[in-house]
Amino acid sequence: MDISDLLDNLNDKQREAVAAPPGPLLIIAGAGSGKTRVLAHRIAYLIRTGEVSPNNILAVTFTNKAAREMRERIENMLNMPVRQMWVGTFHGIAHRLLRAHWQDLGLPQTFQILDSDDQHRTIKRVLKSLELDEARWPPKQVQWWINGQKDEGRRPEYVEHHNAAYELQLVKIYTAYEEVCRRSGLVDFAELLLRAHELLLKNDDILKHYQRHFKHILVDEFQDTNTIQYAWVRLLAGDKNPVLAVGDDDQSIYGWRGAKIENIQRFSQDFPATTTIRLEQNYRSTGNILNAANALIDNNDGRLGKNLWTEGSDGELIKLYAAYNDLEEARYIISSIQSFIEKGTPRHEIAILYRSNAQSRVLEEALLRREIPYRVYGGMRFFERAEVKNALAYCRLVSNPNDDASFERIVNTPTRGIGDRSVQILRDHARQNDLSLWQAANDVLAKKMVTARAGNAIKGFIDIIGNIKLLSEDAELFEIVEHVLHHSTLLEHHKNDKSEKGQMRAENLEELVSAARQYENEEDELSMLDAFLAHAALEAGEGQAGEWESCVQLMTLHTAKGLEFDVVFLSGLEEGLFPHKMSMDEPGRLEEERRLCYVGMTRARQNLTLSYAEIRRLHGTEQYTQASRFIREIPADYVEEIRMNGSAPTAVTSTSYHAASQPEAQGFALGQRVAHQKFGEGIVTSCEGDGSHARVQVNFMDVGSKWLVIAYANLQLI
DNA sequence: GATTTGATGATTTTT
DNA sequence: TCATCAAATC
């Protein structure tokens, strides 16, 4: 058995990890240290040495992309397909377990998956049925709260409410929401994990079976696991199966959605024989970039401790650019990009990273002006588009007519005369008799509870679904989709809309048919239709497909995790924006912002530019900013400050900002520090008017931003 | 049933 | 500022 090819091109630490004897293994893998490589080599090694056969391996990732890449790498290394191996996302694998054990869980065989948009709508409906005001119970927040509870493994009865009215009400909503899901056979994302966990917890024979089955468990991006995911892994591992966890505490940036960085520490406690291996040699970035990133992250407390190093050269200094305002920042970045392109850097090797999506606009406009092709990540994905989801909702009703979320979505889409009055009657009837909307509709018809006209409309809808169902027996998947598009009249409806949007939507629907045509199903417990629907929910589809031509890459720092580029621009390094003001006050959250900055910096291979704007226009008003503390935390040795070139100030002050052309009113310049008797100290952020009406906007340290009439405010200059 | 108006509020995102 | 969304209007 020759395994040398699997170990040859690894450094000592990597080799130690790949060839470790079976047992719990924790790999702390710094950015760019070959983490994915080690994981894939480890699996290939286990298979090649005969330690375990592919179908006894469970490898879990967070994204579908990571799962795909992992499988591909292993297959390339072993030169054979490993279809039997369980490689997938937490949600994907949980889903597979639920499909296999739907009876044990009391789920309908054709249960459907609720994505976050569906969940949001469902919660809105629940709030309405409980007659709660959306202003007091914002659906988004309720959704957030419910998912938070589920991520912690808590069912309504286990929520700690301390008898507080607010919590009690949330529990009530949570309970009602669960009831709706149960009645409709719907499972949301968090529920997939929760159910998969309960399945093992409550059925000892099933647990034993999977414990025997998964002889090796590997978890990628371990710092991103939440409570329930970790509990599930532990359960599966039992006290025999070796678990390999790979992660980096310094790259934990998803705490806000339930990820528990502590899981890394808990791991060695829960699995006492754990071997910990640190991968600290970096193969990605230059010395300067690495040293700067190390220095930055060193400001965080309670790290596991790790210092990246490289054998490569120091490379160029990190550039720091202080722009006059956000437009000028964009202009600098784009002209810098242009010279990189001229010097031969491929466009797709250049990335502009930012903290929040709103920042992309100015950058896009600048790119557009210079006619540089670019791609913004993070838009709407194929299966999330409204028209596609509508078509899928028809499919879902065909498979499971009790799916209330889908029923509500399309009962009157396209409009067919089933107005809100009629739907409300169905809702009431359903709730009073514990029926799904579909059952209620049939019942209402049978009992003639509505006018003839409304009844006919409802009958028409029921017949459409019934008709599609009939035609779909023994039909190919894509034919089912074609039936849906035709009989729902969705396609016709969009084709009649001659606007660009309408045409786009019609095209997307036709694209859905080809997606169905190309779809291949690996799991055989499932009908093609159900498998396709689950696929659509679990893998919302890559961004706009086919746009892989050479483009400058724009994305948020979060999206950039796991990627790397020759040239990286990190923009908007300003207090309040990055670190974001919503995360600045709590130490823990501030540290997460710092990790985010660390992630951003370590994306760069050769060249890193940091920039900020002294004035930024945000939410309509221009605001004075301060350079981010993260800039100060990077030692000056690694940084080269770029000065604005001489012509810039006159060029930018001309037209862009009225505030710039009218910089002061009665001695109050923008940025002037002032003191007010009641409000304390603050900074002038805006001026308007003149004479006795002149007003200034002052951002006070304690009380926030206020408009004051200069004549009355009695402001002191300081 | 489509279109216009007005209020609102605005990190980060995958599944 | 500007996009989104629900209510109001034609």
Side-chain angles (χ1 to χ4, degrees), chain A residues 60-67 88-95 113-121 124 128 133-135 138-141 143-144 147 150-151 187-194 196 221 224-226 228-229 252-259 326 353-362 377-381 383-384 386 412-420 493 497 499 534-543 555-562 572 576-584 589-590 592-593 595-597 599-600 616-623 657-658:
Chain A
V60 208
T61 61
F62 274 84
T63 65
N64 293 298
K65 190 166 159 240
T89 63
F90 275 102
H91 294 86
I93 287 165
H95 174 246
I113 299 170
L114 220 51
D115 71 15
S116 26
D117 179 57
D118 298 329
Q119 187 187 34
H120 183 243
R121 290 158 181 271
K124 282 181 91 158
K128 203 163 262 172
D133 183 8
E134 283 194 11
K140 275 266 150 59
Q141 257 161 266
Q143 181 180 15
W144 177 263
N147 287 337
K150 290 192 178 194
D151 285 345
V187 176
D188 63 44
F189 288 137
E191 184 79 16
L192 286 170
L193 302 174
L194 198 46
E221 304 280 16
D224 289 339
T225 50
N226 64 29
I228 195 76
Q229 288 162 339
S252 157
I253 55 174
Y254 286 113
W256 52 275
R257 64 176 200 213
D326 47 354
L353 310 182
Y354 37 80
R355 176 67 238 266
S356 63
N357 288 306
Q359 288 168 255
S360 75
R361 251 188 63 172
V362 226
Y377 282 72
M380 177 143 300
R381 285 168 310 171
F383 287 115
E384 288 169 356
N412 200 31
T413 310
T415 46
R416 51 173 70 86
I418 305 177
D420 208 39
H493 176 253
D497 177 357
S499 73
H535 166 81
L538 288 173
E539 186 162 2
E542 293 290 286
M555 68 190 85
T556 64
L557 287 152
H558 283 91
T559 312
K561 193 172 101 166
L577 186 62
F578 191 29
H580 198 276
K581 59 175 178 296
M582 316 222 69
S583 307
M584 270 188 345
R589 302 185 65 186
L590 177 69
E592 183 155 306
E593 295 278 310
R595 291 195 290 269
L596 196 52
C597 189
V599 167
R616 180 170 298 274
R617 179 158 234 174
L618 203 61
H619 311 322
T621 49
E622 55 266 22
Q623 310 210 296
Y657 286 114
H658 81 95

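Note: hydrogens, waters and symmetry copies are ignored here, and every other heavy atom, side chains too, is used. Order of the sequence lines fixes the chain letters, A, B, ..., with proteins taken first and strands second; residue numbering starts at 1 for each chain.
The separation between A:Lys581 atom NZ and B:dG9 atom C1' is 11 Å, rounded to whole Å. When rounded to the nearest whole Å, the span between CD of A:Gln143 and P of B:dT13 equals 16 Å. Taking atom CG of residue A:Leu557 and atom C1' of nucleotide B:dT12, one finds them 9 Å apart after rounding to whole Å. As rounded to whole Å, 8 Å separates atom C1' of B:dT11 from atom CD of A:Glu593. Per the geometry, CZ belonging to A:Arg355 stands 13 Å off C1' belonging to B:dA10, to the nearest Å. To the nearest angstrom, P of B:dT14 lies 16 Å from CG of A:Leu193. Here the P atom of nucleotide B:dT14 and the CG atom of A:Asp151 are 16 Å apart, to the nearest Å. Between the CG atom of A:Asp224 and the P atom of B:dT12 there is a distance of 18 Å, given to the nearest Å.
Stacking of A:His558 onto the six-membered ring of B:dT12 is not present when judged by under 5.5 angstrom between centres and under 30° between planes. Both geometric conditions, a ring-centre gap below 5.5 Å and a plane tilt below 30°, are not fulfilled together for A:Phe62 over the base of B:dT14.
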Symbol by symbol from the 5' end, with Watson-Crick or G-U pairs under 3.5 Å, [ ] crossing and | another strand, DNA chain B is ||||||||||.....

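Contact of the A:Arg616 side chain with the A:Gln359 side chain is registered, since non-hydrogen atoms from C-beta on lie closer than 4.5 Å. Looking at heavy atoms from C-beta onward, A:Val362 lies out of side-chain contact with A:Arg617 at the 4.5 angstrom threshold.
Of the candidates B:dT11, B:dT13, B:dG1, B:dT13 carries the atom nearest the A:Tyr254 side chain, counting heavy atoms from C-beta on. Listed candidates were B:dT11, B:dA2, B:dT12. Nearest to the side chain of A:Thr415 is B:dA2.
For DNA chain C, the span of nucleotides reached by chain A at under 4.0 Å from its heavy atoms goes, 5' to 3', from C:dT1 to C:dA6.
The CD1 atom of A:Ile113 lies 5.0 Å from the CG atom of A:Leu192; values are rounded to the nearest 0.5 Å. The structure places OG of A:Ser116 at 6.0 Å from CD of A:Gln143, a figure rounded to the nearest 0.5 Å. Note that CD of A:Gln229 and CG of A:Asn226 are 3.5 Å apart. Values are rounded to the nearest 0.5 Å. Here the CG-OG distance, from A:Leu618 to A:Ser356, works out to 7.0 Å after rounding to the nearest 0.5 Å. The CZ atom of A:Phe62 sits 9.5 Å away from the OG1 atom of A:Thr89 when rounded to the nearest 0.5 Å. Interatomic distance, CG of A:Leu193 versus NZ of A:Lys150, reported as 10.0 Å (0.5 Å rounding).
Within the structure, every side-chain polar atom (N or O) of A:Asn64 is placed at least 4.0 Å from both OP1 and OP2 of B:dT14. For B:dT11, the OP1/OP2 oxygens have no side-chain nitrogen or oxygen of A:Asn357 closer than 4.0 Å.
Residue contacts shown for A:Lys140 are absent, as no nucleic acid heavy atom lies under 4.0 Å away. Using a 4.0 Å heavy-atom criterion, one finds that A:Arg595 contacts no nucleic acid atom at all. Across all strands, A:Glu592 comes closer than 4.0 Å to no nucleic acid atom at all (heavy-atom distances).
Salt-bridge formation is detected for the pair A:Lys561/A:Asp224: a Lys NZ or Arg NE/NH1/NH2 atom is positioned less than 4.0 Å from an Asp or Glu carboxylate oxygen. Using a 4.0 Å cut-off between charged nitrogen and carboxylate oxygen, A:Glu592 and A:Arg589 do not count as a salt-bridge pair.
Nucleotides of DNA chain B nearest to A:Ala537 and A:Ala358 differ in position, and the one nearer the 5' end is that of A:Ala358. Each of A:Ile253 and A:Leu538 lies near DNA chain B, and the nucleotide nearest A:Ile253 is the one positioned closer to the 5' end.
A donor-acceptor pair under 3.5 Å links the side-chain atoms of A:Arg595 to the main chain of A:Ser252, judged by distance alone. No donor-acceptor pair under 3.5 Å is formed between the side chain of A:Asp188 and the backbone N or O of A:Leu114.
Taking the P atom of each, B:dT11 and C:dT4 are spaced 14 Å apart, rounded to whole Å. Taking atom P in both C:dC5 and B:dT12, one finds a spacing of 15 Å when rounded to whole Å.
No donor-acceptor contact under 3.5 Å links the side chain of A:Thr559 to the base of B:dT13. Scanning atom types as modelled, no donor and acceptor separated by under 3.5 angstrom connect the side chain of A:Thr556 and the base of B:dT12.
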Close N/O contacts between protein and nucleotides 3-8 of chain B (under 3.5 Å):
none

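Classification of the A:His91-A:Phe189 ring pair by plane angle, with boundaries at 30° and 60°, yields perpendicular.
Glycosidic torsion of B:dT12 falls outside 90° of 0, placing the base in anti.
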